[in-house]
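Here is the structure we will look at.
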Amino acid sequence: MEQAICEDLSIEGKLEIEHLIHEMRKEFKGRPSELIPMLQRVQRTLGFLPEQAMLEIARLTGLSAAKVFGTATFYAQFRFQPVGKYIIRVCRGTACHVKGSDRLLDTLVDYLKVVPGQMTEDGLFTIETVACFGSCALAPVMVINDSVYGSLNRSRALKLIDEIRSRET
Ligand code: FES
């Protein structure tokens with residue numbers, strides 16, 4: 001799925017990038033071969049790759065912006081939109097599909113009012129889909145950050161969301 005690159009950042013977001021780039025100048029030598037580790041560093045810190053950070057990486061490495069953007073968009077590991085504090089990953093593998101993962105995903109999309117890849121307005125959740133977690137015996141499987149939930153049904157999934165929401169508000 002093609003992702004739009006986020007260009008619209010708050011002042012705090014821009015300052016955070018400037019600080020990160022300042023740190024990265026100390027950590028990296030600015031070699032073109034460091035492009036992927038630099039992109040990974042930005043994503044680890046910010047959760048995604050904003051346009052401003054990719055332009056800074058182009059400056060640091062001497063690579064063209066097109067090369068940096070092209071490399072980043074080539075790899076599925078990189079995100080270009082902000083993500084929620086909780087990333088909900090719904091498995092769409094065969095075993096989970098047979099056990100109703102599509103209905104589970106539709107329920108979450110309706111409930112949270114976002115499509116996969118988007119962040120909820122409160123900044124709490126992003127839904128993603130994955131091909132298989134390798135836990136097929138637990139189908140249907142959903143992972144929230146690092147916690148795995150198996151044999152899920154729709155009401156249990158919504159209860160998990162509500163529990164997180166009430167903890168966070
Ligand atoms: S198909 Fe869902 S965990 Fe393997």
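All ligand and atom numbering here is 1-based and tracks the order in the structure. These numbers come from the heavy atoms of this one structure, side chains and all, not from hydrogens, waters or symmetry mates. Count residues from 1 along the sequence.
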What are the atoms of ligand 1, with element, lying closer than 4.0 Å to any heavy atom of G93?
-> 1 (S)
Backbone of I17 reached by a side-chain donor or acceptor of Q52 within 3.5 Å | no
The atoms of ligand 1 lying under 4.0 Å from a heavy atom of A95, numbered in the order shown, are 1 (S)
Confirm or rule out an N/O/S atom of C91, from backbone or side chain, lying less than 2.8 Å from atom 2 (Fe) of ligand 1.
-> yes
Distance in Å, L105 CG paired with C96 SG, rounded so as to fall on 0.5 Å steps | 11.5 Å
State, without any angle test, whether D106 and Y111 hold a side-chain donor-acceptor pair at a distance under 3.5 Å.
-> no
Around atom CD of E128, are there more than 12 heavy atoms of other residues, nucleotides or ligands at under 6.0 Å?
-> yes
Does any N, O or S atom of H97, backbone or side chain, fall under 2.8 Å from atom 2 (Fe) of ligand 1?
-> no
Is atom 4 (Fe) of ligand 1 less than 2.8 Å from an N/O/S atom of C132, whether that atom is in the backbone or a side chain?
-> yes
Does ligand 1 have an atom that lies less than 4.0 angstrom from a heavy atom of S135?
-> yes
Any chance CZ of R103 has more than 12 other-residue heavy atoms, nucleotides or ligands included, within less than 6.0 Å?
-> no
